Chemist: 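Sharing a structure below in structure tokens format, with a few things to ask.
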Amino acid sequence: MAVSNLVIETIIRRRSIRRYLAQPVPEELLEQILTAGLYAPSGGNHQYVRLFVMRDPGRLERLNRELCTAFRQRELDPSNYQNKSAVRARAADCHFLFHAPVLISAVSPREHGNSMADSANALENMQLAAASLGLGACWINQPHWMTGCPAVRAIFEEMGMTAGEDIFGSIIVGYPDQTIPAPPPRKEGRIVREPEN
């Protein structure tokens with residue numbers, strides 16, 4: 001399929017990146033990424049989602065350590081999607097943040113019915129912005145899955161997360177330390193159109 005629109009080209013070529021250079025993300029690029037997140041659609045235009053940015057290596061390592069500890073305590077259950085994280089946590093070199101220099105988490109009110117959708121919109125906007133700027137990004141589930149873990153929450157509360165807020169999703173961002181792969185073929189049958197009259 002030929003595409004002549006830069007936005008759609010970025011959507012199609014964006015890949016989840018899990019290997020990063022130690023090089024920091026310049027502030028001007030990070031600001032553009034965060035702006036893209038702020039301009040994501042928001043149900044009722046409430047704009048409840050707040051973007052928590054972590055770049056301090058010590059804080060990132062502490063978060064990873066707490067995530068690994070929490071997942072190690074989970075019983076293995078192959079029927080649970082989170083089981084892959086419980087298995088990974090048992091490896092000596094477990095690193096859920098893939099040593100990326102930046103983590104951005106979407107934090108929003110727990111009781112707001114649109115918090116997950118609003119957060120997902122913001123995080124996707126930022127992943128696309130990162131790809132358009134020559135950076136890599138990847139959605140990270142573990143902080144969301146451990147939003148109720150006191151040790152994980154403590155790190156976010158130090159940054160201002162309130163008792164009524166949860167982590168609804170996160171992305172890591174940085175310069176890729178890998179070749180960006182071509183997108184794999186899309187599975188057939190995922191578009192369902194209404195019958196023609």
Side-chain angles (χ1 to χ4, degrees), residues 14-18 20 25 30 33-34 36-43 46-56 59-91 94-131 135-174:
R14 184 212 63 80
R15 309 273 28 101
S16 293
I17 303 301
R18 295 178 176 87
Y20 293 90
V25 175
L30 183 57
I33 292 167
L34 293 168
L38 293 178
Y39 278 85
S42 170
H46 287 299
Q47 301 183 41
Y48 288 144
V49 174
R50 299 197 296 151
L51 305 175
F52 283 51
V53 184
M54 291 188 198
R55 291 192 287 180
D56 176 70
R59 179 176 279 117
L60 291 169
E61 285 303 315
R62 178 181 160 208
L63 176 60
N64 183 68
R65 187 168 59 249
E66 297 299 352
L67 289 169
C68 289
T69 297
F71 274 102
R72 265 189 229 108
Q73 295 169 358
R74 290 262 178 105
E75 287 189 25
L76 297 181
D77 176 5
S79 67
N80 186 329
Y81 182 70
Q82 298 180 24
N83 191 63
K84 289 171 70 173
S85 292
V87 171
R88 280 177 56 200
R90 286 158 167 79
C94 171
H95 209 288
F96 288 122
L97 309 181
F98 297 99
H99 303 283
V102 179
L103 174 81
I104 306 171
S105 295
V107 171
S108 192
R110 183 181 307 116
E111 300 302 325
H112 177 54
N114 223 52
S115 281
M116 177 53 82
D118 292 349
S119 296
N121 279 332
L123 293 164
E124 177 66 1
N125 266 21
M126 291 188 288
Q127 288 183 90
L128 293 172
L135 295 160
C138 184
W139 182 290
I140 300 297
N141 283 308
Q142 291 79 15
H144 165 62
W145 289 339
M146 287 298 170
T147 192
C149 173
V152 171
R153 288 192 68 85
I155 296 169
F156 285 85
E157 287 168 356
E158 289 166 8
M159 295 178 64
M161 186 171 78
T162 68
E165 291 179 311
D166 278 339
I167 307 156
F168 281 89
S170 303
I171 60 170
I172 48 174
V173 180

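Quick caveat, the model's predicted, so the values are computed rather than measured.
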Chemist: Step by step, would you call C138 with Y20 a side chain to side chain contact (heavy atoms under 4.5 Å, CB included)?
Modeler: CA-CA 11 Å; C138 184; Y20 293 90; 4.0 Å; yes
Chemist: Within the 4.5 Å heavy-atom criterion, are I140 and F98 side-chain neighbours or not?
Modeler: yes
Chemist: Tell me whether E158 at atom CD has more than 12 heavy atoms from other residues, nucleotides or ligands lying less than 6.0 Å away.
Modeler: yes
Chemist: For E165, which of R110, R50, H112 qualifies under side chain to side chain donor-acceptor pair (under 3.5 Å)?
Modeler: R50
Chemist: Which heavy atom in V53 sits nearest to a heavy atom in M159, and how many Å separate them?
Modeler: O-CE, 3.3 Å
Chemist: Between CD of E61 and CG of L97, what distance do you get to the nearest 0.5 Å?
Modeler: 7.5 Å
Chemist: What distance do D56 atom CG and L63 atom CG have between them, rounded to the nearest 0.5 Å?
Modeler: 11.5 Å
Chemist: Could you pull out the closest heavy-atom pair between M126 and I33, with the gap in Å?
Modeler: CG-O, 3.1 Å
Chemist: Would you check if V87 and N83 make a side-chain contact, meaning some heavy-atom pair closer than 4.5 Å?
Modeler: yes
Chemist: Could you give the distance from CD1 (I172) to CG (L135), rounded to the nearest 0.5 Å?
Modeler: 12.0 Å
Chemist: When you measure from the side chain of D118 to the backbone N and O of G43, does any donor-acceptor pair fall under 3.5 Å?
Modeler: yes
Chemist: In Å and rounded to the nearest 0.5 Å, what is the CG to CZ distance from L30 to R55?
Modeler: 5.0 Å
Chemist: Applying side chain to side chain contact (heavy atoms under 4.5 Å, CB included), run through R62 and I155 and close with a yes or a no.
Modeler: CA-CA 8 Å; R62 178 181 160 208; I155 296 169; 3.5 Å; yes
Chemist: Would you call N121 and V49 a side-chain contact if the rule is heavy atoms closer than 4.5 Å?
Modeler: no
Chemist: Verify, without hydrogens or angle tests, whether R90 (side chain) and A86 (backbone) share a donor-acceptor contact under 3.5 angstrom.
Modeler: yes
Chemist: If every non-hydrogen atom of A130 is compared with every non-hydrogen atom of V173, which pair is closest and at what distance?
Modeler: CB-CG1, 4.3 Å
Chemist: Grab the two heavy atoms, one from R153 and one from A163, that are nearest each other, plus how far apart they are.
Modeler: NH2-O, 3.8 Å
Chemist: How far does CG of N141 sit from CG of L67, to the nearest 0.5 angstrom?
Modeler: 11.0 Å
Chemist: If you apply the rule side chain to side chain contact (heavy atoms under 4.5 Å, CB included), what do you find for F156 with M54, and how did you get there?
Modeler: CA-CA 10 Å; F156 285 85; M54 291 188 198; 3.5 Å; yes
Chemist: Only counting residues at least two apart or in another chain, list the ones meeting side-chain hydrogen bond (donor to acceptor under 3.5 Å, both in side chains) with Q127.
Modeler: E124
Chemist: How long is the gap from NE2 on H144 to CG on D166, to the nearest 0.5 Å?
Modeler: 8.5 Å
Chemist: Begin with the C-alpha distance, continue with both residues' side-chain angles, and end with the deciding distance and a verdict on side chain to side chain contact (heavy atoms under 4.5 Å, CB included) for F96 and C68.
Modeler: CA-CA 8 Å; F96 288 122; C68 289; 3.9 Å; yes
Chemist: To check you understand the geometry: which heavy-atom pair defines the closest contact between G136 and I17, and what is its length?
Modeler: CA-CG1, 3.7 Å
Chemist: Looking at A89 and F71, what are the two nearest heavy atoms and their distance?
Modeler: CB-CB, 3.5 Å
Chemist: Can you give the donor-acceptor pairs under 3.5 Å from side chains of residues 99-109 to other protein atoms, not counting sequence neighbours?
Modeler:
{"from": "H99", "atom 1": "ND1", "to": "H95", "atom 2": "NE2", "distance (Å)": "3.4"}
{"from": "S105", "atom 1": "OG", "to": "S170", "atom 2": "OG", "distance (Å)": "2.6"}
{"from": "S108", "atom 1": "OG", "to": "S115", "atom 2": "OG", "distance (Å)": "2.8"}

Chemist: Would you call E66 and M146 a side-chain contact if the rule is heavy atoms closer than 4.5 Å?
Modeler: no
